[in-house]
Amino acid sequence: MEMTGWRLTGALLSFAVQVVFIGRALLRPHRQPASRVAWVAIIAALPVLGTLAYLMLGETNMGRRLVARITEARKTLHVPGKSSEDLIDAEGKYHLPPRLAPLFRVGQSASGYPPEAGNRARLLPDSNTAIDSMVRDIDAAQDHVHICFYIWLTDHNGTKIIEAICRAASRGVTCRVMADDLGSRRLIAHPSWKKMQEAGAHLVRAMPMGNILTWPLHGRMDMRNHRKIVVIDNRLTYCGSQNCADPEFRVKARFAPWVDLMTRFEGPVVLQNQHLFATDWMAHTDEDLGELLASAPVIEDREGFVAQVIGTSAALRYAAMPEVFTSLMNASAEELTITTPYYVPDEPIQAALCAAARRGVRVTMTVPTRNDSWIVAGASRSYYEELLEAGVRIFEYPLGLLHTKALTLDGRMGMIGSANLDRRSFDLNFENNILFSDRDFTAEIRARQQSYTDVSNEITLEAVRAWPWSRRLWHNTLAMIGPVL
């Protein structure tokens, strides 16, 4: 009788825990219905494992303290170029086409940065050249160097940047270095991390992991700072998909080379990237960078194109990045070209691509043939048939891991940066992109995208329909994991 009582108590307790966490899954705001259904099914079917999984991965929680610090930093720091809370009329102010101008309003609503003219950009030809360009700029720095990378390795290119930072710090340049605590864990554990500190650089482990046992109390461990930002002397900035590493990416050498796109910018977007970096820095330290932004010189030469920084995270506004992507896709009238390593869309993204193709837009998407995430690779292919039926052309790049994240539309506008077309970038990661409107620079990015497509294999509807049922089942099963995020 006593044993039966314990069993009954245990069963009732297990049921009560299930009810509580099913309720949390149903009540959590900003969750898509598919995600609610997935979590309810997991918790109901696997009471213990499902509840533990929900504790670890079920909510976009990065910890109240970090959110509070980010919010306070944004209140403290003046947004460069912002004179009021009104959204900028880019059509009236910069004479942009009425179809494209509102897209900058979407971008401004996403992270608060207004569109500004006077920007110039230089697209770097490859990853090694981009690192060499950064080293030259760091060596020429006179006041400060700010760097943030998701992945930073101690390989050839990673060490080049480390040595440049040490040289700069040794000659009195203020170097603030931020590396994600998970993505850059090898660097943080390496003597090079301490070497930069000893040279005088200020170091921050972004989104510190902490103790595995306390993760559910302090936020999800897989919410990461995925940004790639370099800002020097309030004068220039880098933006793109490239981490601080060799293209051979020796920690995942069998997928190499990593094929990236990195651009060096000058103009008002420099201070916007600076503001984004400063927000992250002040969220992790007690140093106020407000004076650094306030003392930045006013840019008198306004020759150049209109652009704005799009910085998103779960600490700011839900679904900001997918909203920007969807708006760009819906605005396309002639051509829409997308390059992304990871395609695990939400429903609006998938619908926007299909709708664009169905209304006659030439839609092309290029992704890698082999992906470093087998889950993403399988899930991505579950969306192929619907895209192909709508008229989207899909290409798979076979010469390495195509890691470039770029979108161009109608030869007039584009966006590059760190964000992928997947739910991690949409809901979890800290990301930074730059949205721009310029025929010449768009043509450069479009030509780079075309260079990928030219050597890729086109995926046809006939080939996808010929896949065996077992492969389809595998892809669709993996795609079910997406909404669980």
Side-chain angles (χ1 to χ4, degrees), residues 123-128 130 240-243 247-249 252-263 325 328-329 332 334-345 349-350 352-354 356-357 361-411 414-422 425 442-467 471 475 478-479:
L123 175 62
L124 285 308
D126 54 53
S127 296
N128 291 330
S241 65
Q242 184 175 341
N243 289 297
E248 290 79 9
F249 214 72
K252 294 183 178 181
R254 66 193 182 96
F255 302 102
W258 251 241
V259 181
D260 279 295
L261 182 152
M262 205 69 172
T263 297
F325 273 115
L328 290 167
M329 294 169 182
S332 60
E334 301 167 4
E335 181 186 68
L336 176 64
T337 307
I338 294 167
T339 311
T340 182
Y342 311 114
Y343 183 74
V344 186
I349 291 284
Q350 178 79 352
L353 281 179
C354 292
V361 177
R362 300 186 302 277
V363 182
T364 303
M365 182 170 69
T366 307
V367 296
T369 301
R370 293 195 308 143
N371 204 298
D372 64 320
S373 170
W374 56 270
I375 294 176
V376 170
S380 294
R381 293 186 175 111
S382 73
Y383 298 98
Y384 279 13
E385 186 169 3
E386 183 182 18
L387 291 170
L388 291 166
E389 286 176 342
V392 176
R393 296 184 71 186
I394 301 174
F395 292 84
E396 290 188 344
Y397 180 87
L399 305 180
L401 198 149
L402 183 60
H403 195 244
T404 295
K405 307 113 176 6
L407 179 152
T408 56
L409 66 96
D410 298 349
M415 186 167 69
I416 61 172
S418 67
N420 301 301
L421 280 170
D422 71 354
S425 286
T442 301
E444 283 191 67
I445 301 297
R446 179 66 183 85
R448 181 68 60 86
Q449 291 178 301
Q450 188 62 43
S451 73
Y452 305 143
T453 304
D454 287 343
V455 296
S456 296
N457 303 310
E458 184 165 10
I459 306 301
T460 65
L461 181 59
E462 292 74 18
V464 170
R465 286 177 172 170
W467 287 345
R471 185 175 182 182
H475 293 167
L478 291 175

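Predicted model, so just to flag it, every value in this text is computed and none were measured.
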I'd like to know if the side chain of [X] reaches the main chain of [Y], judged simply by a donor and an acceptor atom lying under 3.5 Å from each other, with no hydrogens or angles considered.
X    : Y    : result
S332 : M329 : yes
D410 : E335 : yes
T404 : V259 : yes

Would I394 and Y343 satisfy side chain to side chain contact (heavy atoms under 4.5 Å, CB included), going step by step from the backbone distance to the final call?
CA-CA 12 Å; I394 301 174; Y343 183 74; over 6 Å; no
Check [X] against [Y] and note the closest heavy-atom contact, atom names and distance.
X    : Y    : answer
A130 : M262 : CB-CB, 3.9 Å
L328 : M415 : CD1-CE, 3.8 Å
A479 : S382 : CB-OG, 3.2 Å
G391 : A357 : C-CB, 3.8 Å
H403 : Y342 : CD2-OH, 4.2 Å
V464 : L388 : CG2-CD1, 3.6 Å

Those residues at least two apart in sequence (or on a different chain) that pass side chain to side chain donor-acceptor pair (under 3.5 Å) with S127 are none
With P368, the side chain to side chain contact (heavy atoms under 4.5 Å, CB included) member among L399, L402, T340, T339
L402
Considering the options V376, I349, N420, which one meets the side chain to side chain contact (heavy atoms under 4.5 Å, CB included) requirement together with V344?
V376
Only one of T408, T364, T337 forms a side chain to side chain donor-acceptor pair (under 3.5 Å) with Q449, so which one is it?
T408
[X] vs [Y] side-chain heavy atoms within contact, under 4.5 Å:
X    : Y    : value
D260 : P247 : no
S418 : S241 : no
L336 : L353 : yes
P341 : V367 : no
L421 : P345 : no

Results of side chain to side chain contact (heavy atoms under 4.5 Å, CB included) for R448 - residues two or more places apart only:
L123, L261, S451, Y452
Applying side chain to side chain contact (heavy atoms under 4.5 Å, CB included) to I375 and not counting sequence neighbours gives S373, L478, I481
Without hydrogens or angle criteria, can the side chains of T366 and T453 be said to hold a donor-acceptor pair below 3.5 Å?
yes
Please report the interatomic distance CG(L124) to CD(Q242), rounded to the nearest 0.5 Å.
8.0 Å
If you round to the nearest 0.5 Å, how far is CG of L407 from CZ of R446?
11.0 Å
Give the C-alpha distance, both sets of side-chain angles, the deciding distance and a yes or no for side chain to side chain contact (heavy atoms under 4.5 Å, CB included) between L401 and R370.
CA-CA 7 Å; L401 198 149; R370 293 195 308 143; over 6 Å; no
Pair E396-Y384, side chain to side chain contact (heavy atoms under 4.5 Å, CB included): steps then yes or no:
CA-CA 11 Å; E396 290 188 344; Y384 279 13; 2.8 Å; yes
Does R381 form a side chain to side chain contact (heavy atoms under 4.5 Å, CB included) with W467? I'd like the steps, not just the answer.
CA-CA 11 Å; R381 293 186 175 111; W467 287 345; 3.8 Å; yes
